[in-house]
Protein chains: 2
Amino acid sequence: MLNKPPTIKDIARQLNISVSTVSRAIRNASDVSAETKKTVMALVEELNYQPNQLALNLRSKQTHTIGVIVPNLDYVLSMMVRGIDEVALEAGYTVIICQSNESYGREILNARRLLDRGVDGFIVSVSSETNSFDHFKKIQEKNIPMVVFDRVASQLKAPSVRIDNTGGGFMATEHLIEQGYKRIAVLAGPQNLEISNSRLDGYKNALKKHKIKIDPSLIIHCDFNQDYAFFATEELLSLKKRPDAIFTISDRMALGAMLAIKKKGLQMPNDIGLIGFNDEPVLNLLTPSISSIEQPSFEVGKLAAKLFIETMHNMDNIDLSERIIKTKLIARESSLKINAKKLK
Amino acid sequence: MLNKPPTIKDIARQLNISVSTVSRAIRNASDVSAETKKTVMALVEELNYQPNQLALNLRSKQTHTIGVIVPNLDYVLSMMVRGIDEVALEAGYTVIICQSNESYGREILNARRLLDRGVDGFIVSVSSETNSFDHFKKIQEKNIPMVVFDRVASQLKAPSVRIDNTGGGFMATEHLIEQGYKRIAVLAGPQNLEISNSRLDGYKNALKKHKIKIDPSLIIHCDFNQDYAFFATEELLSLKKRPDAIFTISDRMALGAMLAIKKKGLQMPNDIGLIGFNDEPVLNLLTPSISSIEQPSFEVGKLAAKLFIETMHNMDNIDLSERIIKTKLIARESSLKINAKKLK
DNA sequence: AACGGTACCGGTAACGATACCGGTATTCTC
DNA sequence: GAGAATACCGGTATCGTTACCGGTACCGTT
């Protein structure tokens, strides 16, 4: 049973009419009588005709496909991708997900491959290695729609969706201050990532507001990585004047910090406070449970996809304003000094 | 700047030669002189000519695309997908990932959409709702390559890769027995999922081997879900003769069980033992750390992709033998009775 | 009777690329 | 020097679909 799928031509031949008429009948266009339309549709049904997408792609130069490039598929990004997928599917688009693995070269490669696969556009979150944006600018010059999300880069002029990173960093830090912590360290991410620097800015803003001097020795840049965070925390804890609280700009790093804290034999929240960022569900299962900044990742993804579709349908008037989504403080045992005694 | 990308025709026109010659020159085929080849390649370079994939797709009826259908993107499956992606990319294939969200209808829809998007084949893990496999059988009848992985269904005759579920269930259960647990309960997954039943079989085998009577009241089927597992465990713990150990066939369920155990005020491993399945990294961070069965998910994915490519290149002689990958016991505090005292 | 409008349909050229066939020259062979 | 082999190239069909143009009826209007 390997007979090829029927084409519009087969239908035309069988019905003794022209392919154009068949085409029109199927697309329910005008210029075709109700009667012929009926006979065509009957045969379409009988033969189980499906239009050949590949041919349509060639003719229309569209594939109804969105290329999504992400640095990885950690908890946050995979939630966002699910959001993108949800909206895209609804709108009749298929999503191709490529991971750059935080590599600049891989990101370029992904873009190239997606491009000559004929995607209709891009939804992108940049890798931590990426400093130059020429590969994306080239895409924009070709008038191909592109939306950036989560990891936004201000050098890249494109519609964007992200969370309020500065605000989140501020909330986390102020929360620690309000709990009475005095020497607050921060594990920041890679230097050239805006998402990282914005959260760090929030941290600085909070200290300034409460008139606490910023101590550069308490600011550590390292990878978004549990192991790096572990070692960084060990170093922090062995300082002469060790910090009494740590804000890590991702939960993965908070986990590493937690391990280092436990290894050192310190108790949270009394000996030291800890707060992460992202609010991964696991935090609530740990002992002590760990505070964090919650963000609506799924919503970010959905909004990015919606924005993409809007942009796509309105290419001669692109709305470059930033969409910024609020975050929320989730205070748990690891930083709740006052209530901590009650909880015990 | 909206000049269309150059085509083979443009090159031909500029060089005053025919398109066929250009085509041959580009593909480095015979029947073209070294000289014209050089001039063609020079112009190709200059114009930055890229062959139009859409046209090639139509002509060759191939897209170099693999459709991957998974029920969700939890820890295990996303690792597997990463493995697939790795191998596929290397081999020049792009992967389209679709989530069925454990829905039979969605699975059918995904298959349809991927099909008329012209994927070259499928790599599939079935949803928990799926009982009928006609949608996949139809694909096979069209002589389109398909490989199933992880969630395998024996009704579906296709090359497959999965872990040794029965063996894993056996190892987990025997470990509990060896630690001295007597009344071992199991939280099994959905009834119609082979992956679930196989792990349950392993449990039964271990009990039989050690001459322990199987108590149906200790076997509970519920969703792969933390909340369900929580409630199921609460019920188990309120039994008159409550179990002294629980084997959950996924880590997500183990987390739910843990919460119920803690709520009840019981101590692991002495009051009750607990072991999960999958060995998600979080287990090691919990207090107590939770035992599990480790599986090489990334390898499963890679193997699935390799198997797919093999199958694809050898469609008239498909190798239907099952690839089964071994698992490994990771014993931690939640079930290590003997060493537990030392750890304290 | 002549004309304009509408409804319907068919032919053909694209889209971008490759495969096949056939036709020149040039070289080789004896 | 005739015939065969080779090297090189161009024309055309094809993949499946839609856009565009043109043509035939048929109707109603004046």
Side-chain angles (χ1 to χ4, degrees), chain A residues 2-41 43-44 47-65 92 115-120 142 144, chain B residues 2-41 43-44 47-65 92 115-120 142 144:
Chain A
L2 222 159
N3 39 3
K4 289 185 214 166
T7 76
I8 216 171
K9 238 180 242 173
D10 299 322
I11 297 180
R13 194 166 28 236
Q14 282 195 45
L15 259 41
N16 244 338
I17 56 179
S18 80
V19 287
S20 17
T21 306
V22 176
S23 171
R24 277 185 298 243
I26 289 170
R27 283 174 299 140
N28 206 11
S30 59
D31 273 18
V32 52
S33 74
E35 199 186 354
T36 51
K37 201 177 286 183
K38 225 178 73 185
T39 61
V40 168
M41 291 317 281
L43 193 53
V44 160
L47 298 180
N48 190 26
Y49 163 83
Q50 314 267 106
N52 183 319
Q53 282 297 330
L54 271 43
L56 288 175
N57 290 346
L58 174 59
R59 251 213 79 99
S60 68
K61 299 190 181 309
Q62 294 201 349
T63 54
H64 276 219
T65 303
L115 206 54
D116 61 40
R117 225 166 210 90
V119 296
D120 292 348
K142 290 185 184 170
I144 294 174
Chain B
L2 222 158
N3 39 3
K4 291 186 213 165
T7 75
I8 216 170
K9 234 179 246 175
D10 299 323
I11 297 179
R13 193 166 29 234
Q14 281 195 45
L15 259 42
N16 243 339
I17 56 179
S18 78
V19 287
S20 20
T21 306
V22 176
S23 171
R24 277 185 298 243
I26 289 171
R27 282 173 299 138
N28 206 9
S30 59
D31 271 19
V32 52
S33 74
E35 197 187 354
T36 51
K37 199 177 289 186
K38 224 178 70 185
T39 60
V40 168
M41 291 317 283
L43 194 53
V44 160
L47 297 180
N48 190 25
Y49 164 82
Q50 312 268 106
N52 182 318
Q53 283 296 330
L54 272 42
L56 289 174
N57 289 346
L58 174 59
R59 247 212 84 94
S60 68
K61 300 192 181 306
Q62 294 200 352
T63 54
H64 277 225
T65 303
L115 206 55
D116 60 39
R117 225 166 208 91
V119 297
D120 292 349
K142 288 184 184 170
I144 294 175

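Just so it is clear, the structure is predicted and the values come from calculations on it, not from any experiment. Worth knowing before you read on, the calculation uses all heavy atoms, side chains too, and leaves out hydrogens, waters and symmetry mates. First the proteins, then the strands, lettered A, B, ... as listed; each starts at 1.
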*Under 4.0 Å between a side-chain N/O of A/Ser18 and OP1 or OP2 of C/dG10, yes or no?*
yes
*Can you tell me the distance, in whole Å, between the CZ atom of B/Arg13 and the P atom of D/dG10?*
14 Å
*Shortest non-hydrogen contact between B/Asp116 and A/Gln50, atoms and distance*: OD2-NE2, 4.2 Å
*A/Asn28 has an atom CG; how far is it from atom P of C/dC8, in whole Å?*
13 Å
*Minimum heavy-atom distance between A/Leu47 and A/Gln14, given as atom pair plus value*: CD1-NE2, 3.9 Å
_Heavy-atom side-chain contact between A/Leu56 and A/Gln53 under 4.5 Å_ = yes
_Spacing between A/Arg117 atom CZ and C/dG16 atom P, to the nearest angstrom_ = 19 Å
_Closest-nucleotide mapping onto DNA chain D: is A/Leu58 or B/Asp31 further toward the 5' terminus? I mean the 5' end._
B/Asp31
*Round to a whole Å and report the spacing from NZ of B/Lys38 to P of D/dC8.*
15 Å
*Under 4.0 Å between a side-chain N/O of B/Ser33 and OP1 or OP2 of D/dC9, yes or no?*
yes
*asked:* Which heavy atom of B/Arg117 sits nearest to which heavy atom of A/Thr63, and what is that distance?
replied: NH2-O, 3.0 Å
All N/O donor-acceptor pairs, side-chain side in residues 21-28 of chain A, below 3.5 Å, sequence neighbours left out:
from, atom 1, to, atom 2, distance (Å)
A/Thr21, OG1, A/Ser18, OG, 3.1
A/Ser23, OG, A/Arg27, NE, 3.1
A/Ser23, OG, A/Arg27, NH2, 2.9
A/Arg27, NE, A/Ser23, O, 3.2
A/Asn28, OD1, A/Lys37, NZ, 3.1

_C/dG16 phosphate, OP1 or OP2, under 4.0 Å from A/Lys61 side-chain N/O_ = yes
*Provide the closest heavy-atom pair for B/Leu54 versus A/Gly118 in the form atom of the first, atom of the second, distance.*
CD1-CA, 4.0 Å
*Describe the nucleic acid contact of A/Thr36 in one word from base, sugar-phosphate, nothing, applying a heavy-atom distance below 4.0 Å.*
sugar-phosphate
*What is the nucleic acid contact for B/Leu54, judged by heavy atoms within less than 4.0 Å: base, sugar-phosphate only, or nothing?*
nothing
*asked:* Tell me the interatomic distance from B/Asp10, atom CG, to C/dA14, atom P, rounded to whole angstroms.
replied: 14 Å
Under 3.5 Å between N/O atoms: give me all the protein pairs with nucleotides 17-19 of chain D, atom names plus distance.
from, atom 1, to, atom 2, distance (Å)
D/dT17, OP1, A/Tyr49, OH, 2.5
D/dT17, OP1, A/Asn52, N, 3.0
D/dT17, OP2, A/Ile8, N, 2.7
D/dT18, OP2, A/Ser23, OG, 2.7
D/dT18, O4', A/Arg59, NE, 3.3
D/dT18, O2, A/Arg59, NH1, 2.5
D/dT18, O2, A/Arg59, NH2, 3.4
D/dA19, OP2, A/Arg27, NH1, 2.6
D/dA19, O4', A/Arg59, NH2, 3.4

*asked:* Rounding to an integer number of Å, can you tell me how far B/Leu47 CG sits from C/dG16 P?
replied: 14 Å
*Enter the distance from B/Asn52:CG to A/Leu58:CG here, rounded to the nearest 0.5 Å.*
6.5 Å
